[in-house]
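Report on the following structure.
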Amino acid sequence: MSHRPSLDPAVADVRRAVRASLARLDPARPLVVGLSGGADSLALAAAVAFEARRSDVSAIAVVVDHGLQESSAEVAAGAAGTAGSLGLEARVVVVDVDTVGGVEAAARQARYRALRTVAEERGRAAVLVGHTLDDQAETVLLGLARGSGAASLKGMAPMSDLDGVPLVRPLLSLRRSATRAACAAQGLEPWDDPHNADPRFARVRTRNTVLPVLERELGPGVAEALARTAEQLREDADAFDEMIGETIEDIVEHAEAGISVSAPALAANPAAIRHRIIRLVVASEFGASLSRVQTLEVARLVTDWSGQGPIDLPGCRARRVGDRIAFTAV
C-alpha cells in the first residue's frame with residue numbers, strides 16, 4: 001500500500017493562510033501576486049498557484065523591476081521564470097523610481113502603482129503581497145520610534161483598499177522563518193535583496209539589530225507581541241472611525257474655498273476624537289497629513305481660544321471664525 005508523502009508543515013501553514021484570505025474574496029475575482037523573488041513573496045506565489053489551480057481562479061505574478069541595482073533585470077527575469085515553473089502567468093513591469101523623497105518610500109509607491117495598474121487591467125483583481133508577522137513587528141517599532149499615533153501603530157491590515165482594488169496580506173500571522181522553510185521544502189531558491197542587509201535603511205537596522213536585541217534581553221515572543229498590539233490598536237482605530245463617521249456629518253459644513261467645523265461640537269468631544277476629526281478633515285479635504293504638533297495647534301483654536309491668528313498647515317490654513325474652525329486652501 002503506497003502512502004502519500006506528508007506535506008511539509010511550513011508549506012501547509014502558508015497554503016492555509018492563503019486559503020483563509022481568498023475565502024474573504026469573491027471566488028471569481030482574479031488574483032495578482034506581487035513577486036520580488038524573495039522568500040516571502042516566493043512562498044506566497046507558490047501557495048497562490050496551488051490554491052488557484054484548486055479553485056480554477058485566474059492568477060498572475062507581477063515582478064516589478066525598480067532598476068535600482070545593476071542586476072535588477074536579471075533578477076526580475078529569474079523571478080518571472082520561477083513563477084512560470086509554478087504554473088503562474090508572469091509579467092515583468094519596469095518602473096521609474098524618483099528617489100528624491102527616499103528610496104524605500106519611492107520604490108514602494110512605484111511598486112504599488114504597477115500592481116494596481118495590472119489589477120485594473122485584469123478586471124479589478126485582488127493584489128496579494130507577502131508581508132509577514134516580522135514585517136508587522138518592524139512597522140510597529142518604527143512607528144513607536146517616530147512617536148506616531150494609533151493610525152501608524154496599528155500596522156498593516158490583512159485586507160485593505162489600494163485605490164479601488166483589494167490589497168491582501170495573507171501571511172501577516174506567519175514568521176519570516178516559515179516562508180523560508182516553505183521555499184526550502186518546495187525546492188525554491190529565493191533571492192536575497194542586498195538592500196535588505198543595508199544598514200542605511202531604518203527598517204534593516206530594526207530587523208537585524210533592534211528586534212534581535214529585544215528578543216535577547218526581554219525573551220522570545222517580542223515580534224508576536226508587537227503584532228498583537230497592532231491588531232488591538234487596529235480594532236480601536238476602527239471603533240474610533242465609526243464614532244467619528246457618525247459625528248462628523250453633523251458638525252462639518254462646506255465653506256468658501258474649504259470646509260468648516262463647529263468649535264463647540266469639537267470641544268464637547270474627548271481629545272482623542274477631537275484630534276482625529278481635525279486630522280480627518282484636513283486629510284480628506286486637502287490630501288495632507290498633520291503632525292501631532294500641528295493637530296494640537298489647531299485644537300487650541302477650540303480649547304484655548306484667545307484671538308490667535310491663522311495657522312498655516314500642509315495644503316491649507318486653519319482659523320477661528322465665530323464659533324467655527326475654518327480650513328481653507330492656500
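Predicted model, so just to flag it, every value in this text is computed and none were measured.
Partners of Arg228 according to the salt bridge (Lys or Arg N to Asp or Glu O under 4.0 Å) rule, which considers only residues two or more places apart in sequence or in another chain, do not exist here. Listed by chain and number, the residues in a side-chain hydrogen bond (donor to acceptor under 3.5 Å, both in side chains) with Arg146 amount to none (sequence neighbours excluded).
Scanning both residues, Val14 and Ala43, for their nearest heavy atoms gives CG1-O, 3.6 Å. Considering every non-hydrogen atom in both Val48 and Ala59, the closest pair reads CG1-CB, 4.1 Å. Heavy atoms only, all atoms of each residue included: Ile277 and Ile251 are closest at CD1-CD1, 3.9 Å. Nearest approach of Pro166 to Leu25, heavy atoms of both residues: CB-CD2, 4.2 Å. In this structure, Ala61 and Leu35 approach most closely via the heavy-atom pair CB-CD2, 4.2 Å. Across all their heavy atoms, Asp135 and Gly130 have their closest contact at OD2-O, 4.2 Å.
Residues Leu42 and Glu189 form no side-chain contact, since every pair of their non-hydrogen atoms from C-beta on lies 4.5 Å or further apart. Two residues are said to be in side-chain contact when any heavy atoms from C-beta on lie closer than 4.5 Å; Ser262 and Arg324 meet this criterion. The shortest distance between side-chain heavy atoms of Leu133 and Glu224 falls below 4.5 Å. Between Leu44 and Pro170, the closest side-chain pair of non-hydrogen atoms falls below 4.5 Å. Side-chain contact check for Leu167 versus Met159: every heavy-atom pair is 4.5 Å or farther apart.
Screening residues 189-241 for ring pair (Phe, Tyr, Trp, His ring centres under 6.0 Å) gives His195-Phe201 as the qualifying pairs, with residues at least two apart or on separate chains. Residue pairs meeting the ring pair (Phe, Tyr, Trp, His ring centres under 6.0 Å) criterion with at least one partner in residues 278-330, sequence neighbours excluded, are absent.
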Side-chain donor/acceptor pairs under 3.5 Å, residues 213-220, sequence neighbours excluded:
residue, atom, partner, partner atom, Å
Glu215, OE1, Gly221, N, 3.2
Glu215, OE2, Val222, N, 3.3
Glu215, OE2, Ala223, N, 3.3

Side-chain donor-acceptor pairs of residues 103-112 under 3.5 Å, sequence neighbours excluded:
residue, atom, partner, partner atom, Å
Arg111, NH1, His66, NE2, 3.1

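Taking 4.0 Å as the cut-off between side-chain N and carboxylate O, Arg16 and Glu51 do not count as a salt-bridged pair. For Arg203 and Asp198, the salt-bridge test fails: no basic side-chain N is under 4.0 Å from an acidic carboxylate O. Taking 4.0 Å as the cut-off between side-chain N and carboxylate O, Asp134 and Arg207 do not count as a salt-bridged pair. Between Arg91 and Glu121 there is a salt bridge, since at least one side-chain N of the basic residue sits less than 4.0 Å from a carboxylate O of the acidic one. By the 4.0 Å N-to-carboxylate-O rule, Lys154 lies too far from Asp236 to be salt-bridged with it. Comment: Glu297 does not engage Arg292 in a salt bridge, judged by the lack of any side-chain N to carboxylate O separation of less than 4.0 angstrom.
When the shell of 6.0 Å around CG of Asp56 is examined, it contains 12 or fewer heavy atoms from other residues, nucleotides or ligands. Remark: Arg234 CZ is packed, more than 12 non-hydrogen atoms of other residues, nucleotides or ligands lying under 6.0 Å away.
To the nearest 0.5 angstrom, His275 atom NE2 is 9.5 Å from Leu266 atom CG. With values rounded to the nearest 0.5 angstrom, Asp312 atom CG is found 4.5 Å from Arg317 atom CZ.
Linking ILVMFWY side-chain heavy atoms closer than 4.5 Å, directly or via other members, places Leu280 and Met243 in a single hydrophobic cluster. In the hydrophobic cluster analysis, where Ile, Leu, Val, Met, Phe, Trp and Tyr join through side-chain heavy atoms closer than 4.5 angstrom, Val18 is grouped together with Leu31. Criterion: ILVMFWY side-chain heavy atoms under 4.5 Å apart, direct or through other members. Under it, Val118 and Val92 are not part of a common hydrophobic cluster. Residues Leu86 and Ile60 do not share a hydrophobic cluster, clusters being chains of Ile/Leu/Val/Met/Phe/Trp/Tyr side chains in contact below 4.5 Å.
Judged by distance alone, with hydrogens and angles left aside, the side-chain atoms of Thr82 form a donor-acceptor pair with the main-chain N or O of Gly78 at under 3.5 Å.
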Test salt bridge (Lys or Arg N to Asp or Glu O under 4.0 Å) applied to Asp192 and Arg180, step by step: CA-CA 11 Å; Asp192 290 319; Arg180 286 200 168 274; 2.6 Å; yes
